[in-house]
Every structure is written in structure tokens, then in C-alpha cells.
Amino acid sequence: MKQKTETMLCITFMKLLRKCPFSKITIQKLTGQCGVNRQTFYYHFDNIYDLMARSFEYELVCEKKIYEEVTWRKTMTCLLGWIKENRQVMKNIMTNAEIFYFKRAMYPLIERSISLDRFPDISSSVSGEGREKFAAHFLTIGMTQYILEWIESDFRQPVDEIVSDLFWLVQKIYHK
């Protein structure tokens, strides 16, 4: 039952976000549409920003199956394609939510795509687990910011060009 309620809240949140600005989505409105109470919402989520992050993850992981893609390029193409397809959602969030929380929602999605096992053709020249974590964290922060700027520019650069540029960067960092 817990998973079903979380899923229903995530789906309803994304439906609302496609229709109205983030600032207009209240927990009361959301729970009313789902037929649950506020306590149920807070049982599953810390706040509306936690719901936003989990809703993104639900759509990308459960619906789009983004991490089932075989290569990093396909994973990133799928992620960026989803962002572009949901341009209204992104714009509603970027103009009405605190950007800090939006970054926190995007970070784990990008971080998960950067895991080194997605780069079998790149041998790591970064020695030590601490350095690998640092490099992955650094790349995630940079890619997150880059993607946010891409959204703000109204998606001027094509998805495949961004993926190619980011892959080049990752190769520079990890290639011997």
C-alpha cells in the first residue's frame, strides 16, 4: 500500500506541474486530488521538494526505465530528452521554486548516470576510491549546473550535442 500511495502522489504531482506553476501546487490541493490526508503525505515525503525529487525519479526510473539503457550516452540522451519533453514542467519549477531544491532533485539523477561502470571503454586514471568519488561529485555538480543553464536558455543546444560534449569531458577526466 505504501508504494501505491507514493506512486499516486508522484503521478498527481507531475500532472499538476504540467498544468500549473510550482507555486500554485499545495499539499492540500495534491492530497485532495489523491483522496488522502496531509498526514499521509508527510508519512511518505518530508516536503513538496522531496516529492518533486521523487517524482522525477519515478518518471525516469519506473516509467522511462532510464538506467536500463546500455550505454552512458543513451542514458544521458534519455535523461535530457525527458527534460526537454517536459519543458513546461522545468520552466514552472525554475521560475517558481527555489533553485537549490531543483538542483537537489536533479543531482541524484545525474550522479547515478555517471557511475564508472557505465564507461566500460574508459579505463580510470583516477587512482583511489576517494579521488573517484571526488571526480564523480565534481562532474555531477558541473553537469547539473550545465543542464540548468541549458533549461534557462530554452534548450538552444541539441541533446545529442550536449551528450557528445559531456562525454568528451568525462573521457578527458577518466581516460589514461
| said: Show the nearest heavy-atom pair for residues Y67 and P108, with the distance to one decimal. | reply: OH-O, 4.3 Å

| query | Should R18 and E59 count as an ion pair when the cut-off is N to O under 4.0 Å? | reply | yes

| Joint hydrophobic cluster, M94 plus I147, side-chain heavy atoms closer than 4.5 Å | yes

| said: Using 0.5 Å steps for rounding, measure from the NZ atom of K84 to the CG atom of D154. | reply: 9.0 Å

| said: Let me confirm one number: the NZ-CD1 distance from K15 to I25, rounded to the nearest 0.5 Å. | reply: 13.0 Å

| Salt bridge flag under 4.0 Å for residues E6 and R54 | yes

| message | What I'd like to find out is whether the side chain of Y101 reaches to under 4.5 Å of the side chain of I48, using heavy atoms alone. | response | no

| query | Do I83 and V61 belong to the same hydrophobic cluster, where Ile, Leu, Val, Met, Phe, Trp and Tyr are linked whenever their side-chain heavy atoms lie under 4.5 Å apart, directly or via other members? | reply | yes

| remark: Note: I110 and S113 closest approach over all heavy atoms is O-OG, 2.7 Å

| request: Carefully, step by step, assess E85 and K64 under the rule salt bridge (Lys or Arg N to Asp or Glu O under 4.0 Å). | output: CA-CA 12 Å; E85 287 168 18; K64 287 281 195 182; 3.3 Å; yes

| query | Distance from K65 atom NZ to C78 atom SG, nearest 0.5 Å? | reply | 11.0 Å

| field | More than 12 heavy atoms of other groups within 6.0 Å of Q145 CD | value | yes

| said: Do I99 and I93 sit in one hydrophobic cluster, given that two such residues count as connected whenever their side-chain heavy atoms are within less than 4.5 Å of each other, even indirectly? | reply: yes

| query | Going from CG on L80 to CD on Q157, what distance comes out if it is rounded to the nearest 0.5 angstrom? | reply | 9.5 Å

| field | Path from Y58 to F41 over hydrophobic side-chain contacts below 4.5 Å | value | no

| query | If you look at every heavy atom in C10 and S55, which pair is closest and at what distance? | reply | CA-OG, 3.3 Å

| Does NZ or CZ of R73 lie under 6.0 Å from the centre of the six-membered ring of F167, at an angle within 45° of the ring axis? | yes

| said: How close do E152 and K91 get, counting heavy atoms only, and between which atoms? | reply: O-NZ, 3.9 Å

| request: Could you pull out the closest heavy-atom pair between H137 and Y107, with the gap in Å? | output: ND1-OH, 2.5 Å

| message | Just verifying a value: how many Å separate L148 CG and M90 CE, rounded to the nearest 0.5 Å? | response | 10.0 Å

| request: Using a strict 4.0 Å threshold on nitrogen-to-oxygen distance, state whether E149 and R156 make a salt bridge. | output: no

| request: Rounded to the nearest 0.5 Å, what's the gap from CD on Q33 to CD on Q28? Could you check? | output: 11.5 Å

| message | Less than 6.0 angstrom separating the ring centers of F56 and F13, yes or no? | response | no

| message | Within the 4.5 Å heavy-atom criterion, are W82 and I66 side-chain neighbours or not? | response | no

| Residue pair N37 / T31: nearest heavy atoms and the distance that separates them | O-CG2, 3.7 Å

| task | Taking the side chain as every heavy atom from C-beta outward, state whether V159 and W150 have any pair of such atoms under 4.5 Å apart. | result | yes

| message | Looking only at side-chain N and O atoms, does Q88 offer a donor or acceptor that is under 3.5 Å from a partner on K19? | response | no

| task | State, with a plain yes or no, whether a side-chain heavy atom of Y43 is found less than 4.5 Å away from one of T5. | result | no

| query | Do L17 and Y49 belong to the same hydrophobic cluster, where Ile, Leu, Val, Met, Phe, Trp and Tyr are linked whenever their side-chain heavy atoms lie under 4.5 Å apart, directly or via other members? | reply | yes

